[in-house]
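One structure coming up, written as structure tokens, with questions to follow.
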Amino acid sequence: MTVRMLEAARLNAFVAALLEAYRLIAPVRRDGELRFDRVAEPGEVVWGYRNTPRAPKVALFPQTERMMRFAQGRGRLNAVEDVPLDETPTVVLGMRPCDVQGVALFDRVFGQGELRDPYYCARRGNTLLVAMACDLPRPTCFCHAVGGGPYDARGADVWLRVVDGGYLVAVQSARGAALEAYMQDLPVADEAQLAAADAVERAARERLRAMVPVAGIEALLEGLFDSPLWAEIAEKCLACGTCTYQCPGCHCFNIEDRVLAGGGERVRAWDSCMYPGFTLHASGYNPRPDQAARWRQRTMHKFAYLPRNVGLYGCVGCGRCIQSCPVQLDIRQVLQRVQREAESGGHA
Ligand code: SF4
Ligand code: SF4
């Protein structure tokens, strides 16, 4: 693996070259907010950012997506038109390692087994991840406790690491070799630059707060389904759903048919297990009748059901839900509470 130096002065030229061949999605400022969005001009890309408030999952899993259209005449459905799959060659630039692990989870959920999601798979199959090591973890980050880390390059196609004066860049996967041509004119990094990148990595790791790893928590959760713990945690939850919308691991959606003049469309849109209506039956019965049951579901899904079903946690430790919750509910404290509760046999 050849590591090259991408100097700050060449960043715009690098982006411009990518823009000629790819739809480029990167951190940009839109309406005063830093978020992953389509880039039109090289100068729009925000480098050196701390993690975005919203996860970049929109690049592969849009918040709303049309699945098909239908026409109606004389009171009956008479034509169904599939929507073309999105196969636009795309580069997502600057994704942090936690969010790349979110994509790894989506790959398992949407991209494997009998029920592969064609909408997701079409985008994913045409998307390269130019990921960026995280030199600026926030106080709320806990990727290291869920099996990741700020310099965890797994899943990246191309890998960027910050150094004085720019970024070290290296192809990281077989698919990433498609971007080799965009780097071949860059100088090979020297020993001093490699050592400088290692020093930044050490400093980044030291910024992370100590936290008990969650490994094995799935076994602890098994005994806590009926625990009063969930009511205690959920007491101040507003059921706003913010935590799930910002999350790179949350992937639940609803599907609805919309009636339009002369026909209609089938649309899917993100949904949230924190909403009372998420499991509400047409009969009026709700199997998750209160916020305690919903908080239990959110925790169990991420830390018990997903590891059992797809081998990965549904949380990558990005800390977004902690930053965005209007009542300061902190999932790290929930995990620690679960660990204590299980250790004490339910008497924590
Ligand atoms: S549950 Fe919270 S910390 Fe974990 S991945 Fe989702 S938003 Fe990030
Ligand atoms: S963001 Fe906070 S208040 Fe809103 S649903 Fe999530 S835990 Fe509840």
Side-chain angles (χ1 to χ4, degrees), residues 35-36 50-58 60-61 63 95-109 134 137-150 152 154-155 208-209 211-215 217-218 221 229-253 270-279 288 290-307 310 312-339:
R35 62 172 182 248
F36 277 79
R50 288 186 134 189
N51 222 347
T52 50
R54 301 186 208 194
K57 63 182 177 183
V58 283
L60 293 161
F61 178 48
Q63 189 162 348
M95 200 181 257
R96 298 294 194 186
C98 53
D99 293 329
V100 175
Q101 293 317 304
V103 174
L105 173 68
F106 280 24
D107 286 350
R108 301 274 177 95
V109 172
C134 182
R138 289 178 183 271
T140 43
C141 292
F142 61 102
C143 53
H144 56 313
V146 290
D152 178 3
R154 287 175 302 148
L208 291 164
R209 293 184 179 176
M211 184 172 154
V212 177
V214 303
I217 202 164
E218 49 273 39
L221 282 165
L229 167 74
W230 307 113
E232 191 188 308
I233 292 167
E235 198 175 6
K236 64 177 179 176
C237 176
L238 306 175
C240 67
T242 306
C243 48
T244 53
Y245 276 66
Q246 314 290 59
C247 176
C250 284
H251 50 267
C252 290
F253 58 84
W270 296 354
D271 203 349
S272 172
C273 59
M274 302 308 272
Y275 293 155
F278 185 72
T279 47
R288 289 189 209 131
D290 53 32
Q291 212 55 18
R294 294 168 205 134
W295 245 101
R296 175 180 63 197
Q297 167 63 20
R298 178 167 171 241
T299 310
M300 292 278 186
H301 191 198
K302 287 183 178 299
F303 296 98
Y305 309 148
L306 280 167
V310 302
L312 290 173
Y313 289 121
C315 169
V316 297
C318 73
R320 286 186 178 92
C321 57
I322 305 165
Q323 291 158 27
S324 60
C325 176
V327 293
Q328 286 86 46
L329 268 161
D330 186 330
I331 197 157
R332 293 171 302 182
Q333 291 170 7
V334 173
L335 297 172
Q336 288 159 3
R337 187 81 172 72
V338 165
Q339 287 163 331

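Atoms within a ligand are numbered from 1 in the order they appear, just like the ligands themselves.
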**Request:** Ignoring hydrogens and angles, state whether a donor on the side chain of Thr140 or Arg332 is under 3.5 Å from an acceptor on the partner side chain.
**Result:** no

**Asked** Which atom names give the shortest non-hydrogen contact between Cys240 and Tyr275, and what distance separates them?
**Response** O-CE2, 3.3 Å

**Prompt:** Just checking, any donor-acceptor pair under 3.5 angstrom between side chains of Gln291 and Arg294?
**Reply:** yes

**Prompt:** For the residue pair Cys315 and Lys302, what are the closest heavy atoms and their distance?
**Reply:** CB-CD, 4.2 Å

**Interfacing atoms of ligand 1 (cut-off 4.0 Å, heavy-atom, Phe142)** = 3 (S)

**Complete:** For atom 1 (S) of ligand 1, the closest protein heavy atom turns out to be Lys302 CE, 3.6 Å

**Message:** Looking at every non-hydrogen atom in both residues, tell me the closest pair between Leu221 and Met300 and how far apart they are.
**Reply:** O-CE, 3.2 Å

**Request:** Check Leu306 against Gly314 and note the closest heavy-atom contact, atom names and distance.
**Result:** CD1-CA, 3.6 Å

**Request:** Under 2.8 Å from atom 8 (Fe) of ligand 1, which protein N, O or S atoms are there? Could you list them by chain and number?
**Result:** Cys318 SG

**Item:** With Val103 via side-chain contact (heavy atoms from CB on, under 4.5 Å) - residues at least two apart
**Value:** Leu60, Met95, Asp107, Tyr120, Arg124, Leu129

**Complete:** So, leaving waters aside, the tally of protein N/O/S atoms less than 2.8 Å from atom 4 (Fe) of ligand 2 stands at 1

**Asked** Can a donor-acceptor pair be found between the side chains of Arg138 and Asn51 at a distance below 3.5 Å?
**Response** no

**Prompt:** Less than 4.5 Å apart, any side-chain heavy atom of Cys141 and any of Cys98?
**Reply:** no

**Message:** Please enumerate all residues that pass ring pair (Phe, Tyr, Trp, His ring centres under 6.0 Å) together with Phe142, with sequence neighbours excluded.
**Reply:** none

